[in-house]
Number of protein chains: 2
Amino acid sequence: MLQIERRQMIIQYLEDHEIATVEELSKLLNVAPMTIRRDLQYLEDNGIATRTFGGAVLKSKLIAEIPYENKSLSKIDEKKRIAEYAASLVQNGQVIILDAGTTNMEIAKLLIKKQNLVIVTTDLKIAVYISSTTDFNVLCTGGNVQNSTGSCLGSNAVDFLKGINADICFIGSSSIDVEHGITTPSLQKSDIKKQMIKCSECKILVADSSKFGKKSFIKVCDLNQFEKIVTDSSLNEHTNVEIKNKNINLILV
Amino acid sequence: MLQIERRQMIIQYLEDHEIATVEELSKLLNVAPMTIRRDLQYLEDNGIATRTFGGAVLKSKLIAEIPYENKSLSKIDEKKRIAEYAASLVQNGQVIILDAGTTNMEIAKLLIKKQNLVIVTTDLKIAVYISSTTDFNVLCTGGNVQNSTGSCLGSNAVDFLKGINADICFIGSSSIDVEHGITTPSLQKSDIKKQMIKCSECKILVADSSKFGKKSFIKVCDLNQFEKIVTDSSLNEHTNVEIKNKNINLILV
DNA sequence: TATAATATGTTCATAAATGTTTAAGTATGT
DNA sequence: ACATACTTAAACATTTATGAACATATTATA
């Protein structure tokens with residue numbers, strides 16, 4: 001197993017269990033405890049985990065942004081299932097807004113099988129992917145490109161979106177909380193998502209279950225703004241009930 | 001098996017598995033580990049994969065899916081030489097406009113070694129490439145994405161450029177004629193190039209010699225608009241003399 | 001066909017990752 | 001405070017991966 005792979009699994013384990021001991025990780029991954037310590041040191045240096053005596057916990061609920069490569073490896077199966085459901089909501093000929101991120105990339109991979117869509121996105125990789133594989137009308141918002149993710153930010157992107165009337169938007173988020181709604185680490189990202197929601201008829205939130213119960217800095221909107229919230233079935237029971245109590249259409253795939 | 005074929009299979013393998021070790025690729029493809037390392041080095045240089053100790057992970061699936069190889073295979077050496085000269089004109093800290101196309105992609109590959117640039121481009125692939133490999137400020141114009149090339153067109157892109165003041169723009173063209181100047185097959189492309197030229201201090205035309213002596217429909221500008229025209233030394237003598245007679249700074253690399 | 005250019009294989013010194021040992025540090029119960 | 005059990009990190013040993021240099025094979029070109 002490669003080093004990066006092992007570190008990825010530690011992140012995955014932490015996402016699932018919130019906490020892990022050096023010993024259990026050492027046994028699980030069949031490496032010396034010292035190796036696990038060095039891995040945890042790396043994760044701490046990169047702001048992903050916080051070391052404790054005997055193990056580590058995920059960095060506080062106010063999560064920072066994890067680099068793209070790490071993200072794309074984690075929860076990939078869940079994302080594919082979420083994407084499958086999301087794509088089933090799309091009719092041929094519709095105008096679709098896709099938010100940036102790996103979950104929306106998974107949706108994009110399925111949408112190319114549809115006919116005659118208009119795709120609007122801030123994610124350059126999604127724009128390149130769809131435009132190179134279909135004859136859809138692909139619109140890219142433009143703006144400042146965020147180096148870590150390849151997505152457009154800034155007033156140009158927001159202004160571009162203001163001119164759009166879409167049938168459906170798919171919004172991704174890494175911080176979803178029943179009480180505080182969805183939040184982002186930057187004002188710019190929040191502005192983009194707000195505008196995407198504003199100019200779409202139907203709003204769908206797509207995010208794997210690890211994103212729930214987390215808060216970031218800038219609020220985008222409350223959960224009741226969405227027609228549907230699509231996530232995977234590992235969502236913890238408490239959150240599940242809380243959302244359903246609010247009469248929100250929660251889809252577990 | 002051809003080299004390009006093998007590299008294609010590595011990309012395919014990475015797309016399926018997200019991650020791969022040198023050893024498994026070596027066994028799978030029946031070549032020496034060193035060959036795999038060289039392949040992975042190539043893929044990393046081209047922004048397709050990220051190497052790790054012992055293997056590699058996929059960077060972003062899209063660049064791989066684009067028929068880059070095919071396009072850029074023609075006149076690739078000439079383009080690299082042209083790009084080398086073009087890149088040498090760029091100072092750290094400058095604002096650069098890059099037109100769409102493979103020659104400008106070659107320039108982009110060299111610009112990532114500079115410091116602190118601001119890059120403005122209509123080419124999504126260039127935007128993704130530079131933003132994912134540097135901390136430069138990358139601006140993408142946005143607009144309608146042309147499906148065949150992955151570049152932005154339309155009034156959004158032109159309007160975006162109107163707000164830019166650049167030090168240098170690098171313009172590509174497939175139709176250059178001493179008498180008729182540079183021409184494009186569509187009004188949209190012409191509008192973009194015109195605006196790029198208008199908002200740049202210094203204008204450089206980059207095109208391999210096969211593009212000379214050709215005419216298309218919509219005129220962009222005359223050749224004397226450019227501070228320098230950079231092409232390869234296979235340019236035919238007649239055109240060479242004609243351009244120099246017009247007192248234009250022609251660079252043959 | 002001969003020759004040049006390119007791609008691939010091999011070897012080996014170097015570097016990186018991991019394992020092991022051990023002294024010092026930390027938590028916890030009495 | 002003390003003893004005990006556990007955790008840590010430094011130092012060194014071991015394993016494994018890497019890339020440079022050169023040899024060989026393959027492909028392109030004259």
Side-chain angles (χ1 to χ4, degrees), chain A residues 1-14 17-46 48-59 69-70 73, chain B residues 1-14 17-46 48-59 68-70 72-81 83-84 106 109 113 208-210 232-234 253:
Chain A
M1 185 188 303
L2 297 180
Q3 184 191 58
I4 190 174
E5 212 173 343
R6 191 184 58 240
R7 290 179 177 171
Q8 202 54 55
M9 290 187 78
I10 294 176
I11 295 172
Q12 184 70 56
Y13 191 91
L14 282 171
H17 298 75
E18 289 282 332
I19 194 162
T21 67
V22 171
E23 203 192 347
E24 73 194 36
L25 288 173
S26 163
K27 280 184 179 159
L28 180 69
L29 300 166
N30 258 307
V31 289
M34 193 61 221
T35 302
I36 297 294
R37 287 194 192 96
R38 285 188 269 237
D39 286 340
L40 294 178
Q41 185 65 52
Y42 171 88
L43 295 181
E44 180 160 61
D45 291 346
N46 288 77
I48 296 167
T50 303
R51 294 190 67 185
T52 63
F53 202 84
V57 292
L58 262 192
K59 189 122 189 163
E69 272 125 63
N70 293 334
L73 283 172
Chain B
M1 185 189 303
L2 271 53
Q3 183 192 55
I4 191 172
E5 207 175 345
R6 191 183 59 242
R7 289 179 177 171
Q8 208 58 50
M9 290 187 77
I10 293 177
I11 294 169
Q12 186 63 52
Y13 191 91
L14 281 172
H17 299 76
E18 297 274 346
I19 197 163
T21 67
V22 170
E23 202 192 349
E24 73 194 34
L25 288 173
S26 163
K27 280 183 181 161
L28 179 69
L29 300 165
N30 258 307
V31 288
M34 192 62 220
T35 303
I36 297 293
R37 288 196 192 95
R38 284 188 271 239
D39 287 340
L40 295 178
Q41 185 64 54
Y42 171 87
L43 295 181
E44 180 161 62
D45 290 346
N46 287 275
I48 295 165
T50 303
R51 294 190 66 186
T52 64
F53 204 83
V57 294
L58 196 61
K59 184 155 216 175
Y68 246 124
E69 300 295 324
N70 304 334
S72 52
L73 273 182
S74 69
K75 297 269 179 184
I76 184 65
D77 286 341
E78 287 83 352
K79 284 174 180 174
K80 279 186 198 293
R81 290 205 306 276
E84 205 160 327
E106 291 303 321
K109 288 180 186 170
K113 290 165 190 158
D208 66 75
S209 57
S210 71
D232 62 87
S233 47
S234 308
V253 294

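What you see is a predicted model, and the numbers here were worked out from it, not measured in a lab. A, B, ... follow the sequence lines: proteins, then strands. Residue 1 opens every chain. These values consider heavy atoms only, across backbone and side chains, with no hydrogens, waters or symmetry-generated copies.
- Each of A/Arg7 and B/Arg7 has a nearest nucleotide on DNA chain C; the 5'-most of these lies closest to B/Arg7.
- Annotation: side-chain contact (heavy atoms from CB on, under 4.5 Å) contacts of B/Ser26 (sequence neighbours excluded): B/Pro33, B/Ile36.
- The shortest heavy-atom contact between B/Tyr13 and B/Ile19 is CE2-O, 4.0 Å.
- In this structure, B/Tyr42 places its OH atom 17 Å from C1' of C/dT8, rounding to the nearest Å.
- Across the protein-nucleic acid pair, B/Leu40 atom CG and C/dT8 atom P stand 13 Å apart, rounded to whole Å.
- Residues passing the salt bridge (Lys or Arg N to Asp or Glu O under 4.0 Å) test with B/Arg37, sequence neighbours excluded: none.
- Nearest heavy-atom pair across B/Ser233 and B/Arg81 is OG-NH2, 4.2 Å.
- Applying the 4.0 Å criterion to OP1 and OP2 of C/dT18, one finds that A/Arg6 has a side-chain N or O inside that range.
- A/Gln3 places its CD atom 12 Å from the P atom of C/dA16, with the value rounded to the nearest Å.
- Each end of the helix from C/dT1-D/dA30 to C/dT30-D/dA1 gets its own rotation axis from five pairs of C1' atoms, and the angle between them is 40° to the nearest 10 degrees.
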In 5'-to-3' order, the base (B), backbone-only (S) or no-contact (-) status of each nucleotide in nucleotides 11-30 of chain D, using a 4.0 angstrom heavy-atom cut-off, is ------SBBB----------

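- In the displayed structure, A/Met34 atom CE is contacted under 6.0 Å by more than 12 heavy atoms of other residues, nucleotides or ligands.
- B/Arg38 pairs by the side chain to side chain donor-acceptor pair (under 3.5 Å) definition with nothing, not counting sequence neighbours.
- Screening residues 20-34 of chain A for salt bridge (Lys or Arg N to Asp or Glu O under 4.0 Å), with sequence neighbours left out, gives A/Glu23-A/Lys27.
- Partners of B/Glu84 according to the salt bridge (Lys or Arg N to Asp or Glu O under 4.0 Å) rule, which considers only residues two or more places apart in sequence or in another chain, do not exist here.
- Every residue meeting the side-chain contact (heavy atoms from CB on, under 4.5 Å) condition with B/Arg7, not counting sequence neighbours, appears here in chain and number order: B/Gln3, B/Asp39, B/Tyr42.
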Intermediate values then yes/no, side chain to side chain contact (heavy atoms under 4.5 Å, CB included), A/Met1 and A/Asn30: CA-CA 10 Å; A/Met1 185 188 303; A/Asn30 258 307; over 6 Å; no

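- B/Asp232 places a side-chain N or O within 3.5 Å of a backbone atom of B/Ser209 that can act as its donor or acceptor partner.
- For residues 25-33 of chain A, proximity to DNA chain C is found at A/Val31, A/Ala32, defined as any non-hydrogen atom under 4.0 angstrom from a strand atom.
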